[in-house]
Amino acid sequence: MFGKRTSRIVLMGAVGAFSLAAAAIAAQQKPPAFVFSGPVPPQFIISPEDGARIHDHLSIAAEVAERLSHVCQENAKKHNGSATVVVLDPYGQIVHEHRMDGQSYINQKAAEYKARTALLTRAPSHVLTNRAFDDVSTLIRMDQFGLNVQEGGLPIIVNDQLIGAIGVGGGAGGQAYGEEVCARDALQEVFGPQPALLPQPNGGNTGGGGFPARTPAGGAGRGG
């Protein structure tokens, strides 16, 4: 009798220990606690009246998307550059696209794909730029997934809510300025402080945008 009772106690103790261990592991794997910073300010997103027609109350407002493109254009001009800017809503549809003079079809598609990559991954396209550098297998996989590995795409996140994405192609001032910087500066002027941009991969140089190539010190890569 005591043997069975003792076995039960040992078993219950083992189960309890396992539960505590599982809870500890779960706690370690748990993402950082979310600190709610309030809803997205209404001036940044589609109005309640317009949103009610299409059941959408999260998308970046058209006027805000247009302002982003104009800010990027003015900054590109200051650096003697030209650019194409594409702003998407959270569902991947174009809200605003602006092409400065001298931009090609490739520049336009690059900007769109960069924005789409940032939207789908919820991260700067630069993350994939660094992952794919000197790694052909990753480059091929990302292409199979429909993702662009050129820097220049950034998600538009306000109060931890994704409201769209921006992509810049066409150079925007080249090595002296760059597409990703143009996108970041526009977001910063419209929405406030933004996360720091990622560094270039070791030995890589995008020349201000696009995919990094191994170039001599002081050389320039090619943007998209």
Side-chain angles (χ1 to χ4, degrees), residues 44 60 63-88 94-119 121 123-133 147-158 163-224:
F44 295 142
I60 184 171
E63 294 83 0
V64 176
E66 184 175 4
R67 184 182 169 200
L68 286 170
S69 69
H70 289 167
V71 172
C72 190
Q73 171 182 275
E74 291 308 311
N75 287 334
K77 283 182 177 179
K78 290 176 184 177
H79 293 84
N80 299 313
S82 179
T84 296
V85 184
V86 173
V87 179
L88 305 178
I94 294 176
V95 179
H96 189 83
E97 178 172 350
H98 183 69
R99 184 193 72 184
M100 295 175 65
D101 292 341
Q103 293 289 292
S104 70
Y105 170 81
I106 292 177
N107 301 141
Q108 289 178 264
K109 299 311 288 185
E112 182 180 333
Y113 290 150
K114 291 174 187 180
R116 199 169 302 282
T117 296
L119 180 73
T121 61
S125 59
H126 197 148
V127 172
L128 298 184
T129 305
N130 290 357
R131 280 184 56 189
F133 182 56
L147 300 176
N148 189 294
V149 297
Q150 294 179 299
E151 67 175 60
L154 295 173
I156 303 175
I157 299 173
V158 182
I163 65 171
I166 183 173
V168 179
Q175 194 168 15
Y177 190 54
E179 299 158 349
E180 186 179 43
V181 177
C182 195
R184 188 277 315 275
D185 287 355
L187 292 178
Q188 197 154 272
E189 182 166 329
V190 175
F191 298 106
Q194 298 292 307
L197 298 179
L198 295 175
Q200 296 290 327
N202 291 333
N205 183 354
T206 65
F211 186 73
R214 290 199 173 276
T215 55
R222 297 182 62 185

Give a yes or no answer on whether the side chain of [X] reaches the backbone of [Y] with a donor-acceptor pair at less than 3.5 Å.
X: N130; Y: P199; value: yes
X: Q73; Y: A83; value: no
X: E179; Y: G171; value: yes

Taking all atoms of both residues into account, what is the closest heavy-atom pair of [X] and [Y], and its distance?
X: A65; Y: V87; answer: CB-CG1, 3.6 Å
X: A111; Y: V86; answer: CB-CG2, 3.9 Å
X: Y177; Y: A172; answer: CD2-O, 3.0 Å
X: G153; Y: A118; answer: C-CB, 3.6 Å

What's the verdict on side chain to side chain donor-acceptor pair (under 3.5 Å) for S82 and Q103, showing C-alpha distance, side-chain angles and the deciding distance?
CA-CA 7 Å; S82 179; Q103 293 289 292; 3.0 Å; yes
Going from [atom1] on [X] to [atom2] on [Y], what distance comes out if it is rounded to the nearest 0.5 angstrom?
X: I166; Y: K114; atom1: CD1; atom2: NZ; result: 11.5 Å
X: L187; Y: I156; atom1: CG; atom2: CD1; result: 5.5 Å
X: L154; Y: L68; atom1: CG; atom2: CG; result: 10.5 Å
X: R67; Y: E63; atom1: CZ; atom2: CD; result: 12.0 Å
X: Q200; Y: F133; atom1: CD; atom2: CZ; result: 9.0 Å
X: L88; Y: E112; atom1: CG; atom2: CD; result: 7.0 Å

Does the side chain of N75 reach to within under 4.5 Å of the side chain of C72, using non-hydrogen atoms?
no
Between V127, L197, T129, V168, which is the residue that forms a side-chain contact (heavy atoms from CB on, under 4.5 Å) with E151?
T129
Is there a donor-acceptor contact under 3.5 Å linking the side chains of S125 and Q150?
no
For F191, check ring-ring contact (aromatic ring centres under 6.0 Å, His included) against everything at least two apart and list the hits.
F44
Residues in ring-ring contact (aromatic ring centres under 6.0 Å, His included) with H98, at least two apart?
H70
For residues 183-201, which residue pairs qualify under salt bridge (Lys or Arg N to Asp or Glu O under 4.0 Å), counting only residues two or more places apart or in two chains?
none
